[in-house]
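What follows is a single structure, written as structure tokens, with notes after it.
Proteins get letters first, then strands, A, B, ... in listed order; numbering begins at 1 in each.
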2 protein chains.
Amino acid sequence: MTELEKGPKGRRRGRGARERILSASQQLFREQGINRTGMDQLCAAAEVSKRTAYQHFTGKDELVAEYLRRFDPSVLPGVFDRTDLTPRERLLAAFDIPPTTPLCPYIAAAVELHDPQHPASQYARDYKKAVATRLADTAREAGAADPEQLGEQLALLLDGAAARTRVLNTDAFPAAAAIAAVLIDNAIPATAGDERRREEVPS
Amino acid sequence: MTELEKGPKGRRRGRGARERILSASQQLFREQGINRTGMDQLCAAAEVSKRTAYQHFTGKDELVAEYLRRFDPSVLPGVFDRTDLTPRERLLAAFDIPPTTPLCPYIAAAVELHDPQHPASQYARDYKKAVATRLADTAREAGAADPEQLGEQLALLLDGAAARTRVLNTDAFPAAAAIAAVLIDNAIPATAGDERRREEVPS
DNA sequence: CCGTAAGCACACAGGGCGGTGTACATAACA
DNA sequence: TGTTATGTACACCGCCCTGTGTGCTTACGG
């Protein structure tokens with residue numbers, strides 16, 4: 001209504017059908033999974049004709065890949081860019097996920113698609129690597145002895161909590177956060193036992 | 001071929017079609033996933049007529065559930081029952097998975113089926129709980145201060161390694177084992193009479 | 001030896017799937 | 001205004017899926 005994003009080809013288009021499609025994808029793919037969500041149902045939920053959907057996306061595969069790319073700004077940068085927290089607190093804040101988030105969609109997509117060559121699977125890999133990198137950066141900022149290792153470990157904890165939450169249907173992130181606290185304290189050379197103050201590291 | 005297990009109803013059956021079906025399930029469900037494996041293909045691989053398959057299993061759902069139940073004796077008890085290892089070593093040995101194992105099938109099934117009410121999903125939950133319990137038992141044997149917590153933590157690490165291995169297509173279990181070593185040493189008070197010593201976390 | 005049960009071959013139903021063709025309506029912009 | 005990009009409505013295709021119906025063959029056991 002008020003403002004429309006730029007369309008896929010750069011020009012401003014009529015009435016954002018693409019946005020509705022992606023919005024419906026977010027909801028349906030999460031609630032029902034990718035394979036169990038047909039294009040018919042998705043188009044109906046998006047109030048978009050099927051023909052239009054296939055004019056925006058060459059196929060379901062492309063739609064799935066695009067759907068995954070819409071999660072970037074939602075969770076992680078919101079944590080890493082918080083300046084009101086110390087690096088150590090930022091690392092722990094990554095485990096404070098809102099209870100509305102059912103499961104990491106990247107893991108779900110990789111398992112459901114089951115093809116490492118699928119563009120969505122490739123993007124899932126890239127994303128997971130990017131998260132580990134950001135964790136490592138923050139770990140370095142926090143003064144960890146081996147930031148890459150700590151970043152990888154924390155990423156593994158996040159994925160473990162996500163998978164376990166999915167299978168057991170219970171929130172496993174608090175347990176993961178507890179482990180993270182131990183690992184962080186073990187990885188940061190103890191300058192002081194209560195070292196929680198700001199640490200100035202020129203970036 | 002000479003000896004056949006007892007059939008599902010206790011009577012000895014003609015020529016074990018059921019075994020062949022389940023054997024083919026193990027292979028195909030793992031290689032291709034559950035949803036991407038049709039009954040036609042599965043029956044062809046098992047050299048069993050489709051009609052026979054549906055006389056042994058009321059439907060694919062039941063077959064999937066039964067397929068999951070066939071993993072018990074494969075991996076875990078083989079680790080927990082080893083008497084040549086100390087309890088601490090047994091906990092770590094759980095992370096020594098053979099490289100032939102692609103991914104925890106329980107997580108895969110829970111994600112693919114996407115229905116917590118599905119019998120296979122329920123069994124996956126039960127199994128994960130059982131693993132955590134066995135880990136907790138071993139942790140108690142090793143003298144951990146809070147065995148339940150340590151068991152839950154180690155289970156989370158296993159699931160994290162499995163998920164991460166799947167998404168990134170690289171073996172994440174060594175990293176998980178490194179974390180496990182830290183957690184175990186942190187959880188076991190030094191009073192326990194074992195050779196606990198400062199460990200070098202492998203990179 | 002024969003009867004019964006297990007298994008087989010084959011075709012088919014019914015439905016959902018991804019994807020398309022065609023003809024028509026509307027919004028944006030010149 | 002009219003043109004063009006955008007979206008719509010709806011039927012349709014071919015494919016694969018789970019699941020059956022029917023009739024036939026084989027093996028085992030009494």
Does the distance from a Lys or Arg side-chain N to an Asp or Glu carboxylate O, for B:Arg36 and A:Asp115, drop under 4.0 Å? no
Under the side-chain contact (heavy atoms from CB on, under 4.5 Å) rule, collect the residues that match up with [X], sequence neighbours excluded.
{"X": "B:Ser23", "result": "none"}
{"X": "A:Gln27", "result": "A:Glu31"}
{"X": "B:Asp126", "result": "none"}
{"X": "A:Asp137", "result": "A:Thr133, A:Arg140"}

Residues two or more places apart in sequence or in another chain: which of them pass side chain to side chain donor-acceptor pair (under 3.5 Å) with A:Arg166?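 For A:Arg166 the side chain to side chain donor-acceptor pair (under 3.5 Å) partners, ignoring immediate neighbours, are B:His114.
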Let's see if you get this right: which residues in residues 117-124 of chain A place a heavy atom under 4.0 Å from DNA chain D?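 None - not one residue of the stretch has a heavy atom sitting under 4.0 Å from the strand.
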Phosphate OP1/OP2 of C:dA6: any B:His56 side-chain N/O under 4.0 Å: no
Output yes when at least one side-chain N/O atom of A:Ser49 is less than 4.0 Å from OP1 or OP2 of D:dA9, else no. no
Could you tell me, to 10°, how much the axis swings from one end of the helix from C:dC1-D:dG30 to C:dA30-D:dT1 to the other, five pairs per end?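 Angle reported: 10°, given to the nearest ten degrees.
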Applying ring-ring contact (aromatic ring centres under 6.0 Å, His included), name anything that partners B:Tyr54, two or more places apart in sequence or on another chain. none
ring-ring contact (aromatic ring centres under 6.0 Å, His included) partners for A:Phe29, two or more places apart: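 With sequence neighbours excluded, A:Phe29 shows a ring-ring contact (aromatic ring centres under 6.0 Å, His included) to A:Tyr67, given in chain and number order.
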What pairs of residues pass the salt bridge (charged side-chain N to carboxylate O under 4.0 Å, His left out) test when at least one of them lies in residues 45-61 of chain B, not counting sequence neighbours?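 The answer is B:Asp40-B:Lys50.
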Grab the CD-P distance between A:Gln32 and C:dG16 for me, whole Å please.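 Atom CD in A:Gln32 sits about 14 Å away from atom P in C:dG16.
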Find the distance A:Arg20:CZ to D:dT8:C1' and express it as a whole number of Å.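 In whole Å, D:dT8 C1' and A:Arg20 CZ are 11 Å from each other.
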If a protein heavy atom is under 4.0 Å from the base, mark B; if only from the sugar-phosphate, S; if neither, -; do that for nucleotides 13-24 of chain D going 5' to 3'. -----BBBBB--
Salt bridge (Lys or Arg N to Asp or Glu O under 4.0 Å) involving B:Glu141 - partner list, sequence neighbours excluded: B:Arg90
